[in-house]
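This structure is in structure tokens; I'll ask about it shortly.
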Number of protein chains: 2
Amino acid sequence: MENSRCENCIIRQFNSLRAMSREELKKVSDSKTTKKLKKGDPLFEEGEKLNGVFCVRNGVSKLSKLSANGKDQIVKLATKGEVIGQRSVIAEESANLSAIAVSDMEVCFIPKESINTTLQSNPNFTLEVLRHMAHDLKEADDVIVNMSQKTVKQRVAEAFIYLKNNFGLDEDGFLALTLSREDISNVVGTATESAIRIISEFKKKGLIHTSGKKIGIKNEKKLQELVNGF
Amino acid sequence: MENSRCENCIIRQFNSLRAMSREELKKVSDSKTTKKLKKGDPLFEEGEKLNGVFCVRNGVSKLSKLSANGKDQIVKLATKGEVIGQRSVIAEESANLSAIAVSDMEVCFIPKESINTTLQSNPNFTLEVLRHMAHDLKEADDVIVNMSQKTVKQRVAEAFIYLKNNFGLDEDGFLALTLSREDISNVVGTATESAIRIISEFKKKGLIHTSGKKIGIKNEKKLQELVNGF
DNA sequence: TCCAGAAGATGACAAATATCATAGTCAGGG
DNA sequence: CCCTGACTATGATATTTGTCATCTTCTGGA
């Protein structure tokens, strides 16, 4: 399968692996394993020690953390081209988040040895990973501010816009990534009933429309105004 | 002033600068400038382009972001030994946070050139910075979960424990870092009045005691139980 | 030392959000 | 094809949190 060689993998263009040399890439390719996951399957669970990272070829995974009250908080949705588990491997800590597939996925598992040796010898690669993490950190800061300063309604509206911008639309114009109402509430950080109620309200106001679990944005402008506080 | 040479600075032991070589450190030392700030002085403001990073020798700075509704959200408190502004310099973006002194401070300003050249040539340094950022990212994830899943009361209680663990106590047993009620509410992500009310409640329940702005923890165990949800 | 403005405190009330209950709807396996 | 369990939806209600108003208490200069 020539297509399964990292050297030829297009996904690589989107993540830090592009800073690897030809030889480094060859090593990674030789040591990696490919894995298929079904919706709902875990890549790893919170607290688990990771022996490597996952490079997403297809599908989407939610990264979430269980809170004391038994609810999951989704911290990030990772999709094609993203590398999952970097943070834990780099910090040499067990995973602080669980990763679960929210759609069928295809991922490559890269053993940490390949990563670590490259980190120690290729400053370009390390710098590239660092830049990615700097970006993630900024996003995390933004999420903190949103969580504490925006209303649930604003956060739901923002989530829909985020889903559109990051995962796009399907052929019928619905958000391509379909999340359960519970997952939506876990992204937004609210009770499932509250999220459902707000979805109903948005429907009534003509901001969105739905078909089963699928959600379509009808009036993005108004949705965005809502996010900004009218 | 031999004491102002980075090579001899003890602070360095606590941050990524320890991974620099003797020569790199010399360059940093030659290009750095020392700055004294009074409580309330800004190191930089959100949106500003940073020409370097700040290494904290003394005092504490709050890193905060202004939200749409006009409230600041404090994302992090940085103290002795921490480096501020790394993220922006590395990502080559303008600052996403404002940094303001919450106590009198002494900081060293290190121009970004010294940082960038070392990042490109010394993998150990880059890796060290990366590890720090991985740690910050984990902390940010935890904050997100706390913000969305814990009550204001729990977050206030947690803030006091955090302040004790990270900044210690003064000679009288009060929290060594004294924040205004407004700053406390901005850390916790709530209205100032709500924070004040909860402080009053904690006082009545004998969990804490106060003297002016100073806060002393009386019953850490109960405070911790409260954080964990009884 | 005194005064003005800021910060702290508290009540009354409004708004946002969670919780509990219940019913309808959907999707997949026998 | 139908049944069952999970998901969605909505009402009623309780709880939490924010807002506005008012008062008090500090605190740092003139």
Side-chain angles (χ1 to χ4, degrees), chain A residues 38-40 67-73 102-104 146-159 174-175 178-205 208-216 226-227 229-230, chain B residues 38-41 67-73 102-104 146-157 159 174-175 178-205 208-216 226-227 229-230:
Chain A
K38 284 198 194 132
K39 184 173 170 171
S67 70
N69 61 35
K71 270 190 198 160
D72 266 331
Q73 173 66 36
V102 290
S103 65
D104 291 353
N146 282 342
M147 282 295 172
S148 61
Q149 307 285 4
K150 289 193 175 151
T151 65
V152 174
K153 214 173 286 185
Q154 289 176 306
R155 303 205 302 270
V156 172
E158 193 164 42
F174 291 102
L175 294 175
T178 301
L179 294 175
S180 70
R181 302 298 194 246
E182 189 180 3
D183 277 341
I184 292 174
S185 74
N186 288 345
V187 167
V188 165
T190 190
T192 306
E193 296 96 321
S194 298
I196 289 176
R197 247 180 261 282
I198 288 168
I199 290 171
S200 299
E201 190 189 326
F202 284 0
K203 252 197 291 191
K204 273 185 206 137
K205 289 192 179 158
I208 62 172
H209 59 118
T210 65
S211 163
K213 294 180 208 246
K214 287 191 173 300
I215 288 175
L226 212 164
V227 172
F230 316 113
Chain B
K38 286 198 190 131
K39 183 173 171 172
D41 289 347
S67 70
N69 62 36
K71 272 190 197 158
D72 265 331
Q73 174 65 36
V102 291
S103 64
D104 290 353
N146 283 342
M147 283 295 171
S148 61
Q149 307 284 4
K150 289 193 175 151
T151 64
V152 175
K153 213 174 287 184
Q154 289 176 306
R155 302 206 302 271
V156 172
F174 290 103
L175 294 175
T178 303
L179 294 175
S180 70
R181 302 297 194 245
E182 191 180 1
D183 277 342
I184 292 174
S185 74
N186 288 345
V187 166
V188 165
T190 191
T192 307
E193 297 96 320
S194 297
I196 290 176
R197 246 180 262 281
I198 288 168
I199 289 171
S200 299
E201 190 189 327
F202 284 180
K203 253 198 289 193
K204 273 187 205 136
K205 289 192 180 160
I208 62 173
H209 58 119
T210 65
S211 163
K213 293 179 207 250
K214 288 190 172 299
I215 289 175
L226 212 164
V227 173
F230 315 113

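Remember, it's a predicted structure, so these values are computed and weren't measured experimentally. In what follows, every chain begins at residue 1, and chains take the letters A, B, ... in the order their sequences are listed. Side chains are part of it too, since the values below use all heavy atoms of this structure and drop only hydrogens, waters and symmetry mates.
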How about Lys214(A): does its NZ atom have over 12 heavy atoms from other parts shown lying under 6.0 Å from it?
->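 Above 12, so yes.
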
dG8(C) C1' sits how many Å from Asp183(B) CG, rounded?
->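 Rounded to the whole Å, the gap is 14 Å.
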
Would you name the heavy atoms of Gln149(B) and Gln154(B) that are closest together and state the gap between them?
->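 Closest approach of Gln149(B) to Gln154(B), heavy atoms only: O-OE1, 4.5 Å.
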
Does Ser67(A) reach the main-chain N or O of Lys71(A) with its side chain, forming a donor-acceptor pair under 3.5 Å?
->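 Yes, Ser67(A) side chain to Lys71(A) backbone: donor-acceptor pair under 3.5 Å.
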
Distance-minimising heavy-atom pair for Thr178(B) and Lys213(B) =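 Smallest interatomic distance, heavy atoms only, reads CG2-CB, 3.6 Å.
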
Taking every non-hydrogen atom, the tightest pair across Ile198(A) and Val152(A) |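 In terms of heavy atoms, the two residues are closest at CD1-CG1, 3.4 Å.
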
Show the distances under 3.5 angstrom between N or O atoms of the protein and N or O atoms of nucleotides 28-30 of chain C.
none

Round to the nearest Å and state the distance from Ile198(A) atom CD1 to dA16(C) atom C1'.
->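 Computing the Ile198(A):CD1 to dA16(C):C1' distance gives 9 Å.
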
Under 3.5 Å between N/O atoms: give me all the protein pairs with nucleotides 18-26 of chain C, atom names plus distance.
unit_1: dA18(C); atom_1: OP1; unit_2: Thr190(A); atom_2: OG1; d: 3.4
unit_1: dA18(C); atom_1: OP2; unit_2: Thr190(A); atom_2: OG1; d: 2.4
unit_1: dA18(C); atom_1: OP2; unit_2: Ala191(A); atom_2: N; d: 3.4
unit_1: dA18(C); atom_1: OP2; unit_2: Ser194(A); atom_2: OG; d: 2.8
unit_1: dT19(C); atom_1: O4; unit_2: Arg197(A); atom_2: NH2; d: 2.9
unit_1: dC20(C); atom_1: N4; unit_2: Glu193(A); atom_2: OE2; d: 3.4

Sidechain N-carboxylate O distance under 4.0 Å for Arg197(A), Glu201(A) =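 Salt bridge flag = no for Glu201(A) with Arg197(A).
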
Which heavy atom of Arg181(A) sits nearest a heavy atom of Thr210(A), and at what distance?
->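 Residues Arg181(A) and Thr210(A), closest heavy atoms: NH2-CG2, 4.2 Å.
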
Terminal contacting nucleotides, 5' and 3', DNA chain D versus chain A (heavy atom, 4.0 Å) =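 Nucleotide range with atoms under 4.0 Å of chain A: dC7(D) to dA12(D).
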
How long is the gap from OG on Ser194(B) to CD1 on Ile184(B), to the nearest 0.5 Å?
->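 Between Ser194(B) OG and Ile184(B) CD1, I get 13.0 Å after rounding to 0.5 Å.
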
Euclidean distance, atom CD of residue Glu201(B) to atom P of dA9(C) [Å, nearest integer] =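 The answer, rounded to whole Å, is 14 Å.
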
To the nearest Å, give me how far apart CD1 (Ile184(A)) and P (dT17(C)) are.
->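 Those two atoms, CD1 and P, are 17 Å apart.
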
If you look at every heavy atom in Gln73(A) and Gly189(A), which pair is closest and at what distance?
->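 Where Gln73(A) meets Gly189(A) most closely, the heavy atoms are OE1-CA, 3.4 Å.
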
Which heavy atom in Leu226(A) sits nearest to a heavy atom in Phe202(A), and how many Å separate them?
->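 Closest pair (atom of Leu226(A), atom of Phe202(A), distance): CD1-CE1, 3.7 Å.
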
